Amino acid sequence: MCFALTVCLWSAAAEVRANEHYEIVTNPGVNEKTLSVNSLRSIFSMRLKTWSDGTKIRVFVLSDEDQLHQIVSKEKLNVFPYQLRSTWDRLVFSGTGQAPIKVNSSEEMLAKIATTPGAIGYLWRANINENVNVLEIK
Amino acid sequence: MKMLTCSRLSSYFSSSVRWLGKGIAVLWVIGAVSVQAQQLDQPKSQSESAKAPVKWVQAKDLPAEATEAGNTKEKPGVVSTVLKWWNSTDRPGDLQIHGFVSQAYITTSDNDVFGNSDKGGSFGLTEAGLNASLRPLPRLQLSAQVLSRRAGEGNSGMPRLDYAIFDYRLYSQEVNQFGIRVGRLKNPFGFYNETRDVAFTRPSIMLPQSIYFDRTRNLGLSSDSVQLYGDTAVSDWGTLSTQFGVTLPIVDNRDTESSLLGVERPGELNRQVSYIGRGIFETNDKRLRLGISGIWLNTSYDPTKLRSPLELGPGALEFTPVIFSAQYNSERWTLTSEYAIRPFQYNNNFHSPRFNGLHFVGESYYFQGEYRFTPKWEGFLRYDALFIDRSDRDGSDWVAQSPVSRSGLGHTRFAKDIAVGIRWNVTPAFMLRAEYHHVNGTGWLSGLDNPIDLKTNRPIDTHQYWDLFAIQASYRF
């Protein structure tokens with residue numbers, strides 16, 4: 001029964017990500033299962049700082065030059081990586097916000113998302129496992 | 001006369017060529033070192049991306065294994081270990097620490113900018129900052145920055161508290177946020193003011209001086225205030241970010257006094273309640289940004305009992321600039337323009353015919369194009385114009401008011417600056433750049449770096465047409 005349910009959920013999830021090679025992922029403790037693209041952009045712009053239940057959002061990114069970071073910026077968020085960088089710099093150096101936390105590899109991203117409460121980031125599909133939740137972006 | 005000009009010109013050229021040569025040599029050496037450093041990094045990142053897609057981390061013992069792998073395979077240096085610790089999430093309250101340090105070398109044909117730049121150049125501009133931010137509660141952020149700026153006579157390099165902010169998010173619902181900030185805040189005006197000391201966030205070494213005056217920067221930079229802010233979604237087009245603050249401006253410094261009252265006076269400028277506000281609309285793709293900022297600055301002069309020829313009466317003045325900003329961003333181009341109108345009103349209590357009832361409206365604007373040849377190489381081109389009095393653009397009316405003492409000084413009432421520059425992002429954390437300005441006018445020169453003769457009230461040694469060349473290296477984390 002449990003196995004069947006898992007398989008069923010798995011195939012449903014697979015359908016959602018049929019067209020892309022990467023996903024937006026969150027820590028399993030995050031209640032949100034879907035998010036609007038505007039909310040997602042607001043999160044990666046470091047403006048939206050809390051999930052709907054009031055807990056902290058913690059944003060993880062790869063370096064500006066990383067291929068996945070560039071693809072997520074352009075395709076999912078519809079902004080250029082240099083624009084995100086200048087948005088974050090403005091927040092950090094004016095004292096009005098914080099920068100996302102930089103990780104150095106997909107493994108580190110997976111580990112951080114899996115273990116950090118409220119974490120959100122992105123991963124190649126090949127790197128995703130059941131320790132993180134895949135977020136559906138509408 | 002002609003001979004004189006020629007010889008002067010040629011000596012200027014030979015000296016700038018010499019300095020250019022030295023500058024390029026310095027750039028080359030620094031560049032070579034950082035490229036070396038970068039090459040050391042490269043194999044690491046290649047191996048990461050190569051192994052990333054194939055590896056499937058086992059679910060049950062994931063955290064331990066992943067961190068261990070990260071530690072053993074990367075062998076980071078001391079600096080990166082420290083930085084990693086600084087920016088890791090494992091510390092309480094999501095503490096983040098960031099900072100920057102920049103050094104510029106500036107040489108001018110005439111006139112002094114940030115030190116004695118016209119006698120062979122100077123390393124007079126050094127900027128460094130260190131900030132920390134903390135989120136003890138999901139809705140609460142505390143942050144503070146200490147800044148040191150060594151720039152000519154106006155800034156000694158003495159570290160000062162740049163901002164210290166208590167920021168509480170009152171309302172947060174998806175794309176709509178409202179909150180309050182209390183403390184010493186950066187003044188939100190124009191696109192660049194809040195981060196003007198951070199070389200990485202500026203389009204050039206010298207910001208367009210018509211709007212971002214460096215001579216009154218201490219006044220413009222930050223103030224003790226209470227500020228309400230909000231981000232609201234505008235239909236499906238974008239986000240409107242607004243800030244409104246009640247402030248006590250920081251006027252107790254030499255630069256501000258000399259700019260507002262001609263020279264340093266024996267008495268002091270008082271801090272009076274002032275207002276500041278800004279709205280920036282940004283489309284969802286951040287391609288188009290449109291802003292309007294306004295300041296209503298009040299200050300008054302507090303004379304001493306000293307009987308000095310420089311002493312004034314207890315006058316008050318109002319400065320109420322409005323700035324319109326527009327920017328278009330594409331993958332390679334960023335086009336930016338800002339326009340400011342700057343009314344000054346002095347009241348009748350200064351006991352000085354020069355200041356009593358003085359009213360004039362300044363005007364400033366610039367057009368700027370930045371182009372990213374590659375992510376590492378960028379260039380910019382800008383035209384920047386300042387008019388101290390928009391109804392007297394060449395200063396001739398001002399000269400006519402007092403022809404004897406002001407003859408030939410019309411150029412102190414405007415400045416038109418054409419600038420071109422190049423930037424090399426050697427690594428994400430290290431940047432080098434160079435730029436050249438040709439300026440007609442001395443309207444934004446600092447009075448402290450280019451003093452006036454107190455007997456004649458004339459600048460001692462300034463020239464209408466001049467050139468500026470600068471290089472800068474900057475590091476941030």
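Chain letters run A, B, ... following the sequence lines, proteins first and then strands; every chain starts at 1. The shown structure was predicted, so the numbers you read here are calculated from the model rather than taken from an experiment. Every heavy atom of this structure was used, including side-chain atoms; hydrogens, water molecules and symmetry mates were not.
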Toward chain B, the part of [X] with a non-hydrogen atom under 4.5 Å:
X	result
Ala119(A)	neither
Asn78(A)	both
Glu65(A)	side chain

Rounded to the nearest 0.5 Å, what's the gap from [atom1] on [X] to [atom2] on [Y]? Could you check?
X	Y	atom1	atom2	result
Arg139(B)	Thr50(A)	CZ	OG1	5.5 Å
Glu174(B)	Ser42(A)	CD	OG	9.0 Å
Ser94(A)	Ile165(B)	OG	CD1	6.5 Å
Thr334(B)	Gln83(A)	OG1	CD	7.5 Å
Tyr192(B)	Arg90(A)	OH	CZ	9.0 Å

Discussion item. I need the residue from Asn329(B), Asp167(B), Thr201(B) with the largest number of non-hydrogen atom pairs under 4.5 Å to chain A.
Written reply: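 Among Asn329(B), Asp167(B), Thr201(B), the one with the most close pairs to chain A is Asn329(B).
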Worksheet item: What option among Gly179(B), Gly129(B), Ser143(B) has the most heavy-atom pairs under 4.5 Å with chain A?
Response: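 Ranked by heavy-atom pairs under 4.5 Å with chain A, first place is Ser143(B).
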Practice prompt. Name the option with the most non-hydrogen atom pairs under 4.5 Å to chain B; the candidates are Gly95(A), Ser63(A), Ser39(A).
Written response: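 Of Gly95(A), Ser63(A), Ser39(A), Gly95(A) has the most heavy-atom pairs under 4.5 Å with chain B.
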Worksheet item: Between Asp64(A), Leu77(A), Thr96(A), which shows the greatest number of heavy-atom pairs under 4.5 Å with chain B?
Response: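 So the answer, after comparing Asp64(A), Leu77(A), Thr96(A), is Thr96(A).
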With distance as the sole test, does [X] use its side chain to make a donor-acceptor pair with the main-chain N or O of [Y] at under 3.5 Å?
X	Y	answer
Arg41(A)	Asn284(B)	yes
Gln96(B)	Ala99(A)	yes
Gln98(A)	Asp94(B)	yes
Lys56(A)	Arg135(B)	yes

Discussion item. Taking side chain as everything from C-beta outward and backbone as N, CA, C, O, which of these in Ser133(B) sits under 4.5 Å from a heavy atom of chain A? Side chain, backbone, both or neither.
Written reply: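 Interface part for Ser133(B): both.
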Practice prompt. Compute the centroid of each ring, for Phe100(B) and then for Phe93(A), and state whether the two points are separated by less than 6.0 Å.
Written response: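 Close enough - the centres of the two rings lie under 6.0 Å apart.
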Fill in: Other residues, nucleotides, ligands: >12 heavy atoms within 6.0 Å of Lys138(A) NZ
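No, NZ of Lys138(A) has 12 or fewer neighbouring heavy atoms, counting only those of other groups under 6.0 Å.
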Discussion item. Could you check whether Gln177(B) and Lys49(A), counting side-chain N and O atoms only, form a donor-acceptor pair closer than 3.5 Å?
Written reply: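 Absent: no donor and acceptor within the cut-off.
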Discussion item. Would you say Lys286(B) and Ser45(A) are linked by a side-chain donor-acceptor pair, where the criterion is simply a distance under 3.5 Å?
Written reply: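 Distance-only check passes for Ser45(A) and Lys286(B).
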